[in-house]
Novice: 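Dumping the structure here so I can ask a few things about it.
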Amino acid sequence: MYLSKFYLPLMKETPAEAQIASHRFMLRAGMVRQESAGIYSWLPLGHRVLKKIEQIVREEQDRAGAVEMLMPTIQSADLWKESERYDAYGKEMLRITDRHGREMLYGPTNEEMITAIFRSGVRSYKELPKMLYHIQWKFRDEVRPRFGVMRGREFLMKDTYSFDLTADAARQSYYKMFIAYLRTFARMGLRSIPMKAETGPIGGDLSHEFIVLAETGESEVFCHRDLLRKTMPPANVDFDGNLESYVNEHTSLYAATEEMHDKEAFEKIPEEARVSARGIEVGHIFFFGTKYSKAMKANVLGAEGKEVPVEMGSYGIGVSRLTGALIEAYHDEQGCKWPVPVAPFHVGLLNLKVGDEKIDAACAGIYRQLEAAGVEVLYDDTRARPGEKFARMDLIGLPWQITIGPRGLGNGLAEVKNRHTGQKQELPLQEAVGFVTRQVKDALKVV
Ligand code: P5A
């Protein structure tokens with residue numbers, strides 16, 4: 001992408017309302033624009049990150065055996081009356097009346113709708129288990145939308161729903177998602193810690209929040225230090241095999257959010273291994289058994305020919321919130337530092353003297369070669385001053401920068417900068433292309 005053709009409305013001043021780094025940088029780097037409180041437009045740069053996150057989420061859902069679909073944002077109130085959540089959900093639900101006076105709502109979640117879909121399509125236990133998911137906008141009329149996309153009113157969620165014949169089988173579905181979540185966040189460069197959590201308006205009694213530690217996080221959390229060193233399960237996990245050992249590895253040590261915190265248990269951990277910190281909830285999984293299937297009569301015929309309510313769970317990931325969480329985890333004073341798998345582009349190419357035939361030709365050549373190798377490049381072909389170009393690239397935080405200027409090119413050299421480490425090196429043009437391509441490809445490998 002040539003920057004001259006892109007749309008990148010940067011802000012010079014730090015917006016007064018932005019209290020945390022991610023909110024500040026998302027506005028300053030032209031990733032989002034606030035349209036109303038907690039409601040954002042995703043501008044091209046932010047949209048590219050959102051799509052990258054979405055794709056990683058999708059790949060790991062598919063790997064775990066979940067099947068993608070798409071439900072609407074607007075729902076009928078009737079379903080919510082069946083489950084008896086219509087009144088219980090309260091003011092967080094945005095209620096709408098259509099021209100015929102019918103009660104509608106902008107979906108805050110989809111347990112009711114998916115249960116209705118399931119009951120109209122599945123009759124027998126022989127069709128189980130089933131896991132369905134979609135990635136769709138939700139609306140929750142939060143009292144205090146804040147921190148930009150972290151607590152929005154309109155936000156993008158991935159939500160999966162599992163259907164099983166027995167509670168034991170449902171536990172296996174829960175484990176599948178547990179592992180998929182560890183992999184999903186790790187692939188983005190985030191260390192997530194599953195913590196015992198409350199179930200709130202979704203219901204049930206088994207639940208984990210996936211927390212990324214960050215000083216600016218909204219949740220207060222407590223855990224054992226060794227949980228910060230765990231690695232993600234490998235890509236070749238057999239999702240139909242025994243998953244307990246993977247799950248146990250991440251749940252046998254103490255970890256809980258504030259609401260579930262057990263002071264006594266926590267204080268049994270040796271003092272130096274106790275972590276009490278703040279965190280961002282990037283995912284939340286629930287097993288709630290027959291709460292919705294009973295209320296909405298979603299039954300299947302069991303092996304003995306008797307109808308039984310199906311056992312269900314639901315599993316959410318805050319896709320738009322992750323954009324903010326990633327910046328909280330990866331930034332410095334100058335701006336964002338995107339991990340390669342979620343970066344809006346992999347490489348920023350800086351032409352320090354636009355209009356100079358040799359430099360223009362060198363840049364165009366590098367651009368073509370990188371793009372042909374599958375590396376995504378944002379080429380700064382504008383006539384801005386070098387200082388402005390450097391600051392802009394640091395702000396938007398692409399993981400690699402390649403700079404071509406008169407001084408280096410005189411000796412056939414390009415400058416390659418690693419945005420994460422700040423390390424710079426001069427390399428002959430071809431070597432620079434090869435080096436950066438290898439680095440990007442390595443970082444994109446899925447293990
Ligand atoms: C699970 C999937 C649910 O809604 N129903 C379907 C269950 N869970 S949840 O915890 O309430 O939300 C899932 C994830 O969505 C993100 N999230 C938000 N992101 C931005 N702004 C918000 N206001 C917001 N509310 C929830 C969180 O990442 C949460 O874990």
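Because the structure is predicted, anything quoted here is derived from the model rather than measured. Counting starts at 1 for both ligands and their atoms, following the listed order.
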Novice: With K5 as the cation and Y2 as the aromatic partner, state whether NZ or CZ is under 6.0 Å from the six-membered ring centre and within 45° of the axis.
Specialist: yes
Novice: Checking the side chain of E371 only, and the main-chain atoms of V377 only, is there a donor and an acceptor separated by less than 3.5 Å?
Specialist: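 Judged by distance alone, yes, a pair lies under 3.5 Å.
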Novice: Measure R321 to ligand 1 on non-hydrogen atoms and call it side chain, backbone, both or neither using the 4.0 Å cut-off.
Specialist: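 Within the 4.0 Å criterion, R321 contacts ligand 1 through side-chain atoms alone.
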Novice: Is NZ or CZ of R95 both nearer than 6.0 Å to the six-membered ring centre of Y86 and within 45° of the ring axis?
Specialist: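 Judged by the rule, R95 and Y86 form a cation-pi pair.
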Novice: Where's the contact between T160 and ligand 1, heavy-atom distance under 4.0 Å: side chain, backbone, both or neither?
Specialist: neither
Novice: Please tell me whether F155 and W137 form a close aromatic pair, meaning their ring centres lie under 6.0 Å apart.
Specialist: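 No.
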Novice: Between V282 and ligand 1, which part of the residue brings a heavy atom under 4.0 Å of the ligand: side chain, backbone, both or neither?
Specialist: backbone
Novice: Check this for me - ligand 1, N110, N or O atoms closer than 3.5 angstrom, yes or no?
Specialist: no
Novice: What residue and heavy atom of the protein are closest to atom 9 (S) of ligand 1, and at what distance?
Specialist: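 The closest one turns out to be R140 NH1, 3.9 Å.
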Novice: Closer than 4.0 angstrom: is that true for some heavy atom of Y161 and an atom of ligand 1?
Specialist: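 Checking ligand 1 against Y161, which is what was asked, there is a heavy-atom contact under 4.0 Å.
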Novice: Quick test of your reading of the model: are K91 and D141 salt-bridged, counting only N-O distances below 4.0 Å?
Specialist: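 Looking at D141 together with K91, the answer is no, because their closest N to O distance does not fall below 4.0 Å.
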Novice: Kindly identify the option in G152, G38, S320 whose heavy atom sits closest to atom 21 (N) of ligand 1.
Specialist: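 When every heavy atom of G152, G38, S320 is considered, G152 comes closest to atom 21 (N) of ligand 1.
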Novice: At a 4.0 Å cut-off, with the gap strictly under it, does some heavy atom of L322 reach an atom of ligand 1?
Specialist: no
Novice: Measure centre to centre between the rings of H261 and F222, then say whether the value is under 6.0 Å.
Specialist: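 Under 6.0 Å, so yes.
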Novice: List ligand 1 atoms under 4.0 Å from Y315, heavy atoms only on the residue side.
Specialist: 1 (C), 2 (C)
